[in-house]
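Before any comments, here is the structure.
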Amino acid sequence: MSSQVISRLKGRNCRLCIELTENQSSVMIGSDDSCGKGNTKVSEAIISPLHCFVYLHKKENQQFWETYIQDKAMNTQKYVTYVNNCKLKMRGKQLLFDNDVIKLGNNNKFIDFVFHDEYSKRAEEKEIEVPEIYNSRFKNENYLIGKGAHSRIYRARDKKHNGKQCVCKIVKESKDVNQHTFKKLCQEPNLLKSLNHINIIKVLGYYVETDRLLIWQEMMHEDLDKYMSEVKSVSQKKYFDISFQILDALKYLHEKNIVHRDLKPANIMWVDEKQSRLKLIDFGIARYCDIETSDRDMTMCGTPNYTPPEIYHALESGKFHEIHDLYKPAVDIWAFGVISFSLLSGLGLPFFNENEVYTEEALKNNIIKRTIPKEPLIKKNIDKLLIHLITERMLLQDHKKRITADEISNAFINIWKVLGIVDA
Ligand SMILES: Nc1ncnc2c1ncn2[C@@H]1O[C@H](COP(=O)(O)OP(=O)(O)OP(=O)(O)O)[C@@H](O)[C@H]1O
């Protein structure tokens, strides 16, 4: 068994420092003599004879340790245990997190500790460790800037460019990312490496290990999801500024027969705080749609809110073998239509009426059955040609007749001319 420190309670107003290891996996804190032997004895006046119990726990099938604190005082009127100023109930226990503040006392006098989760810190250090061959190029910092369903994004430095800030996206095979998913996600850097477009995130380097994938990318500023929650809706001019860039990236991808498959505001980011240039990120599930593969998708991928009706139809009718072939460019266009509607209307999704309760079942039904409402766009004085383009051509149920990125581009130019945003 290892005697490496797993967690530590360090006194703030006393000299005590309690360390838990695999050998010493629990400790009773109290004023009773028994707390002197292997446990932790504190002055009688302040805390109860057996005041609280701190112990390590590793759940079945889990690789990591957790530390809990449990109240043990008999007289909870007199003796109290606080975690971050919240009083523990009699016999109550609580999971501790790094930097939690623990106060033990008799209501008048307290001893204070800060909890240090050394195990998680070491695990994080290991997770962000730069592989040797990239040591002279990148430095990863233990500073988390984003989290996805499959990855964690850390701040990093590119030593080749004077330590310029960049990010390192790390995917780890784990209980959330099984081996099959991990292998699929490992295709992201290869695909991204083959792309070169001003509105698509650039890969600076990548490394694949048996259970860890690291991708260094340029650092972006803020995603469109956050931006939309701040501005609510945008003007037609701003809409064109934004959507021309997304469309340009989609045209480029679709010409190469690549489908992004997870287009959504969270995967579109401003390059910097000027909020003028955007880039598409997260190509984790992007695919070439013209290449035959033995690994055919039999279920939905991407995000339900941006998934088109053809996928839900296939799922409903149990035609799982058709799903793979349905992930064509038209899937990205549908998502682009949903984003367009939200940007201009300021509403989250076109498939729900105001005050309607969101459920996944309702979402699926509404996407399949509902006509896209025009009223929210009319209310915002959006040009009727643009309304028609979004609600009837991008968000068209029949994916075979749905408008293409190229056609949208031409339609945009016409609408620009009509609106007089630029000279013809
Ligand atoms: N290059 C970047 N610069 C700054 N922040 C980024 C960058 N890439 C990703 N992020 C942040 O991290 C979040 C997660 O990234 P990403 O979407 O690539 O992860 P994911 O695990 O593939 O996500 P998903 O949940 O969509 O599967 C993004 O929404 C964004 O906020």
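Positions are given from 1 along the sequence. Just follow the structure's listing: the first ligand is 1, and inside any ligand the first atom is 1. Treat the numbers as computed from the prediction; the structure is a model and nothing was measured.
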List every atom of ligand 1 that sits less than 4.0 Å from any heavy atom of [X], numbering the atoms from 1 in the order shown and giving each element.
X	result
H150	21 (O), 27 (O)
I201	1 (N)
D223	29 (O), 31 (O)
A266	29 (O)

Apply side-chain contact (heavy atoms from CB on, under 4.5 Å) to S25 and W65, showing your working. CA-CA 10 Å; S25 62; W65 287 104; 5.6 Å; no
[Y] six-ring face occupied by [X] cation (under 6.0 Å, within 45°):
X	Y	value
K72	F53	yes
K103	F110	yes
R155	Y143	yes

What protein heavy atom is closest to [atom], reported as residue, atom name and distance in Å?
atom	result
atom 11 (C) of ligand 1	G146 CA, 4.0 Å
atom 5 (N) of ligand 1	M269 CE, 3.5 Å
atom 25 (O) of ligand 1	A149 N, 2.7 Å
atom 18 (O) of ligand 1	K169 NZ, 2.8 Å
atom 21 (O) of ligand 1	S151 OG, 2.7 Å
atom 14 (C) of ligand 1	I153 CD1, 3.6 Å
atom 26 (O) of ligand 1	D282 OD2, 3.0 Å
atom 28 (C) of ligand 1	I281 CD1, 4.0 Å

For the residue pair Y327 and C289, establish whether any side-chain heavy-atom pair is separated by less than 4.5 Å. no
Of the choices E218, E188, K264, M219, which has the non-hydrogen atom that lies closest to atom 1 (N) of ligand 1? E218
Would you check if there is a donor-acceptor pair between the side chains of [Y] and [X] at a distance under 3.5 Å?
X	Y	value
S3	N23	no
T181	N178	yes
Q94	D100	no
S340	Y239	yes
Y134	N140	no

Looking at ligand 1, is there an atom of it that comes within less than 4.0 Å of some heavy atom belonging to K147? yes
Should H221 be listed as contacting ligand 1, given a heavy-atom distance under 4.0 Å as the test? no
Looking at F341 and I390, what are the two nearest heavy atoms and their distance? N-CG2, 4.1 Å
Proximity to ligand 1 by part of [X], non-hydrogen separation under 4.0 Å:
X	result
D262	side chain
N267	side chain
D225	neither

Please assess F351 against I368 for the test side-chain contact (heavy atoms from CB on, under 4.5 Å), listing each intermediate value before the final yes or no. CA-CA 10 Å; F351 321 110; I368 291 178; over 6 Å; no
For the 3.5 Å polar cut-off, considering only N or O atoms, please tell me whether M220 and ligand 1 meet it. yes
